[in-house]
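These notes concern the structure reproduced below.
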Amino acid sequence: MSTARDGTSTWKSDIAFALLAALLLLALNAHAGFPQLANPAGDNDSLLQLVEVRDLMGGQGWYDLHQYRMGPEGGFVMHWSRLLDAPLALAMLAVSALAGSTALAEKTVQILWPALQFWLAVFFIIRAARAFAGAHAVLPAAVVGGAALYYIGIFSPGALDHHNIQLVLTLASLALLLEAPRHRPAALVAGICATLTLAIGMESAPYAGTLGAVVALLFLARGDGERLIARDFAVGVAGVSALVFVTTIPLSSWGQAQCDTFSIVQFAVTGLAGGGLAAIASLKFANATGARRLMSLGLLTVGIAVFAALLFPQCLAAPYANLDPRLQQMWLGYIEEAQSIVQLVADDPARAVARFATPLVAIVLMALHLGHGGWRRQDSLVGALLVVAVLVSAWEVRGSTFSIAFAVIPLSAWIAKWRQRAEASPSSGSVLRMAAAWLISVNAIWSGAAEAASSAFDTGAPAIDASIDAPCNSKASFATLGTMAPTTVLAISNLGSPILAFTGHRVLAGPYHRNVAGNLLVFDALLGSDAAAKAIVESHHVGLVALCRGNTESRLFAAKAPDGFLAGLMHGQVPDWLEPVAGTAGSPLELYRVKSSS
């Protein structure tokens, strides 16, 4: 039970703790020279996010979500939201106006935006831990939370994509709901945050949905004790979903159902859920007794389910169910963040331990707490989010980004309990238990132990020269390509976003599920014969072919089609319609110019 005194002083101290953690992270990155800006290490989403912000600042329409420089001629429509483009563009414009340099503005925002998200994430973890376990949990939350957020890597300099802000908004919604019984406006803001994270990207739908479901179930079980919280949360959900719908979707597209981005589908579901819950919580005849609440909420749930099934049945399937089979086999199956726990354990057991250890420990702790009969309102919110996040991460490892962060809250409570015991009755046993709780709760400890164990059983692994950019992740690898006249470049999908971000060229392929036509064209060209590749090159006005031998995607394609065009290039077989670009032979990114057909 939390005994923290909530007031201005606690908010100030929690902000200070979080700020200290953020400044420490910023100092560490500054001391290293912000290496992630020169080598994004395959962070394709952040690079493309930067490109989209540049396009918006360059005059592309607010409602125009085409990525014109990727895919076949005319590009394709991205599924990302302008809700993230807007603050990034405004920040860059403001810094550019002050500094007089667009390049400096970009670099400044690439550094400060992730640092700001890290600060907010640590702050909301601290607030959640305080509400969950009291003031003694604040220090563990700051330390363990900061270490966990640093480990998951979505707050590194240059991380502009939607993953960090989605986690921040989800943590904010959780922390606010935990504080809602004592701070009335908190529930309304929690509903706003939950809806915004959903509007930014569908990946957070399980967490926003879980929070809404728990709010409804608490209202069902506790009646008047949760009625105002449920009503205000629901009003926030319904209001913001309507606002997002009218401000980010053009009138001409209001009737178009999209399953992978915010559209009439998501607006209808969130609007009905929020409006329905708000109405039930406001009308006495619908909530006066437990039976009436059960009937009202049951009818609302069935109504939403039937409505969605009848009008939007296509959105009830798995997210990638309708993806072209070739893309499922050759692309989706090899995306690391889309792997299941079974794949991860088989391919990289050390990473599986690092990703799942602390969330599983946290679930065990909460189960033990439930077994002792002390289940509370706070446990319902934290426990439900944690379990759902672990289930999502078992299906797709990307969910561990959320489960690792949620796990910090019960782990901080565990550490706080042993700290209090060690202070109350100091002994070697209590101190050792407290130390063990600290060590077990820090994700980096598990990661280091797993890596050490993996290395011990893999003594024959060849040494890697870190100075060689084998996978072509660094900006320097694209320097020569950036000096050449803009054209269309034929390259693997992993090179698509870097080419757009670091050069003025366009590409056919990119690791995005909506770019079906462009990715299939590249499959046909790289896996097919020289003649097939030449036909695609000529019909789509390709001027350059880029080869990165050390990229895992290149090796996969070469193994899949050993007699194909890409495999031939990797073995030095250059067809007569290509010529090597001088100075690129032997470099991480080798370039070949398409000879003029004349």
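These numbers come from a predicted model, not from an experiment.
Between the side chain of N515 and the backbone N or O of M70 there is no donor-acceptor pair closer than 3.5 Å. Checking side-chain atoms of R506 against main-chain N and O of G71 turns up a donor-acceptor pair under 3.5 Å. Judged purely by atom type and a 3.5 angstrom limit, R555 uses its side chain to pair as donor or acceptor with the backbone of G550. A donor-acceptor pair is defined here as one N or O able to donate and one able to accept, closer than 3.5 Å; such a pair exists between the side chain of T270 and the backbone of Q266. The backbone N or O of A103 sits nowhere less than 3.5 Å from a side-chain atom of E106 that would complete a donor-acceptor pair. For Q110 (side chain) and L50 (main-chain N/O), no donor-acceptor pair under 3.5 Å exists by modelled atom type. Checked by atom type and distance alone, the side chain of T584 pairs as donor or acceptor with a backbone atom of L591 at under 3.5 Å. Distance alone, capped at 3.5 Å, places no donor-acceptor pair between the H66 side chain and the M78 backbone. Formation of a donor-acceptor pair under 3.5 Å by the S81 side chain with backbone atoms of I200 is not found in this model. With hydrogens and angles ignored, the 3.5 Å screen pairs a side-chain donor or acceptor of S539 with a backbone N or O of I536.
Partners of E590 according to the salt bridge (Lys or Arg N to Asp or Glu O under 4.0 Å) rule, which considers only residues two or more places apart in sequence or in another chain, are R549.
Across all non-hydrogen atoms, the minimal contact from W446 to A357 is CD2-CB, 3.4 Å. The two residues Y207 and G399 come nearest to each other via the heavy atoms OH-CA, 3.7 Å. Across all their heavy atoms, S497 and L48 have their closest contact at OG-CB, 3.8 Å. Nearest approach of A105 to S96, heavy atoms of both residues: CB-N, 3.5 Å. Across V122 and G146, no two heavy atoms sit closer than the pair CG2-CA, 4.3 Å. The two atoms that bring P580 and Y592 nearest to each other are CA-CD2, 3.8 Å, heavy atoms only.
Atoms CZ and CG, on F356 and N443 in that order, are 11.5 Å from each other to the nearest 0.5 Å. A distance of 7.5 Å separates OG in S400 from OH in Y151, rounded to the nearest 0.5 Å. Separation of atoms CG (L490) and CG (L521) is listed at 9.5 Å; rounding is to 0.5 Å. Atom CG in L495 sits 4.0 Å away from atom CD1 in I492 (nearest 0.5 Å). To the nearest 0.5 Å, atom CD of residue Q314 and atom CD of residue Q258 are 9.5 Å apart. Summarising the geometry, atom CG belonging to L589 is positioned 10.0 Å from atom CG belonging to N551; distances are rounded to the nearest 0.5 Å.
Under 4.0 Å is where a charged nitrogen must lie from a carboxylate oxygen, and between R514 and D260 at least one such pair does. Using a cut-off of 4.0 Å between Lys/Arg side-chain N and Asp/Glu carboxylate O, E579 and K595 are scored as not salt-bridged. With respect to the salt-bridge test (charged N to carboxylate O, under 4.0 angstrom), the residues K534 and D576 do not qualify.
A distance of 6.0 Å or more separates the ring centres of F155 and Y150. Separation of the F76 and Y68 ring centroids does not fall under the 6.0 Å cut-off. In summary, the aromatic rings of Y512 and W80 are positioned with their centroids under 6.0 Å apart.
Counting only residues at least two apart or in different chains, side chain to side chain donor-acceptor pair (under 3.5 Å) contacts with residues 473-488 comprise D469-S474, D469-S477, S474-S477.
No hydrogens or angles considered: nothing links the side chains of S393 and E396 as a donor-acceptor pair under 3.5 Å. No side-chain donor from either of E73 and H541 sits under 3.5 Å from a side-chain acceptor of the other. The closest side-chain donor-acceptor pair between S46 and D43 falls under 3.5 angstrom. Between S493 and E553, the side chains place a donor N or O and an acceptor N or O closer than 3.5 Å (distance only, hydrogens not considered). Counted by atom type alone, Q49 and D85 present one or more donor-acceptor pairs between their side chains at under 3.5 Å.
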Margin query: Determine whether F402 and V390 satisfy the following criterion, side chain to side chain contact (heavy atoms under 4.5 Å, CB included), listing intermediate values before the conclusion.
Written below: CA-CA 8 Å; F402 286 81; V390 169; over 6 Å; no
Assess whether side chain to side chain contact (heavy atoms under 4.5 Å, CB included) is satisfied between L544 and V581, documenting all intermediate values.
-> CA-CA 9 Å; L544 291 166; V581 173; 4.2 Å; yes
Review point. How far apart are the C-alpha atoms of N164 and W113, what are their side-chain angles, what is the distance that settles it, and do they pass the side chain to side chain contact (heavy atoms under 4.5 Å, CB included) test?
Key: CA-CA 10 Å; N164 49 32; W113 178 261; 4.1 Å; yes
### L37/I111 under side chain to side chain contact (heavy atoms under 4.5 Å, CB included): CA gap, chis, key distance, verdict
CA-CA 8 Å; L37 300 185; I111 292 170; 3.9 Å; yes
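Ring planes of F245 and W254: tilted class, angle from 30 to 60°.
No side-chain heavy atom of L566 sits less than 4.5 Å from a side-chain heavy atom of L527. Taking the side chain as every heavy atom from C-beta outward, H163 and T401 never approach each other to under 4.5 Å. Side-chain atoms of Q166 and L198, non-hydrogen and from C-beta on, never get closer than 4.5 Å to each other.
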